[in-house]
Amino acid sequence: MSVGIIGTGSYLPSKVLTNFDLEKIVDTSDEWIKTRTGISERRIIDDNANISDMAVEASKKALLDADLEVSDIDLIILATCSPETLMPSTSCLVQQKLGAKTIPAFDVSAGCTGLIYAITIGTQFIETGMYEKVLVIGADALSRHLDWTDRTTCVLFGDGAGAVILGKVQKGYGIISNYLAADGKGADLLKIPAGGSGLPATEDSFEKKLHCVQMSGSEVFKFATRALPRATKAALKRANLTIDDVKYIIPHQANIRILENVAKKFGVGFDKLIKNIDKYGNTSTASIAIALDELQRANKIHEGDILLLVGFGAGLTWGANVIKWVKYKKSK
Ligand code: UT7
């Protein structure tokens, strides 16, 4: 028995915010954003929706894809950087909205690497025999934590959700290695300073926009160009594979130049890296799951293909999952 991905789903809000729209909000240009980041447009969550709503939509699609009912799920793990509330966890809200019974549900906070962490955690639960099917979600609405006067951050992020269902697959297939890492020395490089117990929301914190994303862009960029290759090498080594064995690298979508840099470092064709940043911007914990779902639904993944999911983010954190894809069948 191995553990694999037996269903995928994603959800993007319908509201599109283009670079041209942003030109009217801050001192920026379509040309700058496109050339420096690769982003053309991003989606923005509806005013009356929350991340649990996006997570539920992505989860329903993943359940349908796996040909499962919500009652088949044993555990929900939701990765996010923008939880709906500090308490309760967003995963509990998703559990209720999905109509799942009293199955356990918890959130994972690991920056944009959250999905990689959550897949790794979910895999362990199935490997130990404790659960059979785990719903893993990445959902973020960082648009609600952006300072719309700060051009260095507000042009980068978009909202969305992606989901995968983990379950048993035939031996030798599925998730064949995981690698996780963190370095809290870089905690200040990417953060939302206020709103937690360390700096509760006050008039002062609101005025100083401390509940908004703050980032040392160039430092995070440098970190990313080191972290992605590091995670890639480590996860492939654990899987006893090389980069040449990988059919698709599905990286966290933060900046097209980071991905170009990674392709160059590995001497692999840029087409091996899956990219959708132009349409969605950086959707944080959702980005890898959305890219995987789009690839899967385009019928581009075939049995035996090796996929590498690789991410980095606030924390600092980084990590990767190596997957040998298998065409899944319903196994209730
Ligand atoms: O999920 C993980 C989180 N984030 C990331 O991975 C982001 C990693 N970092 C990056 O992607 C890049 O560092 C950025 C896209 C954030 C910035 O690109 P950069 O090439 O590193 O630009 P920079 O910060 O060095 O800024 C260059 C210039 C500056 O002007 P001056 O000082 O040279 O006059 C900025 O003020 O570009 C200016 N600039 C802008 N200009 C127009 C910064 N943002 C903008 C903007 N529009 N939106």
Side-chain angles (χ1 to χ4, degrees), residues 17-42 79-82 108-118 138-143 145-162 181-183 186-193 212-231 250-263 273-278 280-291 309-320:
L17 185 72
T18 66
N19 292 347
F20 297 105
D21 296 327
L22 280 164
E23 285 181 358
K24 294 174 199 138
I25 300 173
V26 281
D27 178 17
T28 191
S29 67
D30 173 59
E31 206 258 333
W32 190 95
I33 302 171
K34 252 195 220 145
T35 52
R36 304 310 292 167
T37 71
I39 302 168
S40 297
E41 56 188 45
R42 69 288 291 143
T80 187
C81 295
S82 48
V108 165
S109 171
C112 298
T113 323
L115 189 92
I116 305 283
Y117 270 65
D140 267 303
L142 280 172
S143 69
H145 283 287
L146 292 175
D147 173 357
W148 291 97
T149 63
D150 175 12
R151 68 177 183 174
T152 68
T153 51
C154 76
V155 304
L156 302 174
F157 296 92
D159 303 332
D183 182 2
D188 271 342
L189 298 180
L190 179 50
K191 60 182 179 182
I192 298 174
C212 295
V213 173
Q214 293 182 353
M215 180 171 67
S216 306
S218 58
E219 290 307 308
V220 175
F221 190 100
K222 280 185 241 156
F223 153 69
T225 58
R226 290 190 306 269
L228 289 180
R230 240 196 263 170
I250 306 176
H252 170 47
Q253 311 282 311
N255 188 319
I256 202 79
R257 290 185 295 130
I258 294 175
L259 305 188
E260 283 165 355
N261 195 296
V262 169
L273 278 86
I274 303 306
K275 302 157 286 263
N276 61 16
I277 188 168
D278 58 321
Y280 307 136
N282 179 346
T283 55
S284 190
T285 58
S287 85
I288 293 172
I290 294 170
L309 314 189
V310 60
F312 67 94
L316 299 167
T317 57
W318 62 103

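Values reported hereafter were calculated over all heavy atoms of this structure, with side chains retained and with hydrogens, waters and symmetry mates removed. Order of listing sets the numbers, starting from 1, for every ligand and every atom in it. Owing to the predicted nature of the structure, the values given are computational and were not obtained by experimental measurement.
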- With salt bridge (Lys or Arg N to Asp or Glu O under 4.0 Å) as the test, would you mind laying out the steps for Glu260 and Arg257 before giving the verdict? CA-CA 5 Å; Glu260 283 165 355; Arg257 290 185 295 130; over 6 Å; no

- Query: Can you check side-chain contact (heavy atoms from CB on, under 4.5 Å) on Ile25 and Cys154, steps first, answer last?
  - Reply: CA-CA 10 Å; Ile25 300 173; Cys154 76; 5.6 Å; no

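- When the options Asp278, Asn282, Thr283, Asn19 are evaluated for a side chain to side chain donor-acceptor pair (under 3.5 Å) with Arg42, the one that passes is Asn19.
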Hey, what polar pairs (N/O, under 3.5 Å) does ligand 1 make with protein?
from	atom 1	to	atom 2	distance (Å)
ligand 1	1 (O)	His252	NE2	2.8
ligand 1	1 (O)	Asn282	ND2	2.8
ligand 1	9 (N)	Gly217	O	2.9
ligand 1	11 (O)	Asn255	ND2	2.7
ligand 1	13 (O)	Gly217	O	3.1
ligand 1	18 (O)	Arg257	NH2	3.4
ligand 1	20 (O)	Arg36	NE	3.1
ligand 1	20 (O)	Arg36	NH2	2.7
ligand 1	20 (O)	Arg257	NH2	2.9
ligand 1	36 (O)	Arg151	NH2	2.9
ligand 1	37 (O)	Trp32	NE1	3.3
ligand 1	41 (N)	Trp32	NE1	3.4
ligand 1	41 (N)	Arg151	NH1	3.4
ligand 1	47 (N)	Thr28	OG1	2.7
ligand 1	48 (N)	Thr28	OG1	3.1
ligand 1	48 (N)	Arg151	O	2.9

- Show your working on side-chain contact (heavy atoms from CB on, under 4.5 Å) between Ser109 and Tyr117 and close with a plain yes or no. CA-CA 9 Å; Ser109 171; Tyr117 270 65; over 6 Å; no

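- Of the candidates Val108, Asp140, Leu142, Thr285 forms a side chain to side chain contact (heavy atoms under 4.5 Å, CB included) with just one, namely Asp140.
- Not a single salt bridge (Lys or Arg N to Asp or Glu O under 4.0 Å) links Glu23 to another residue, sequence neighbours left out.
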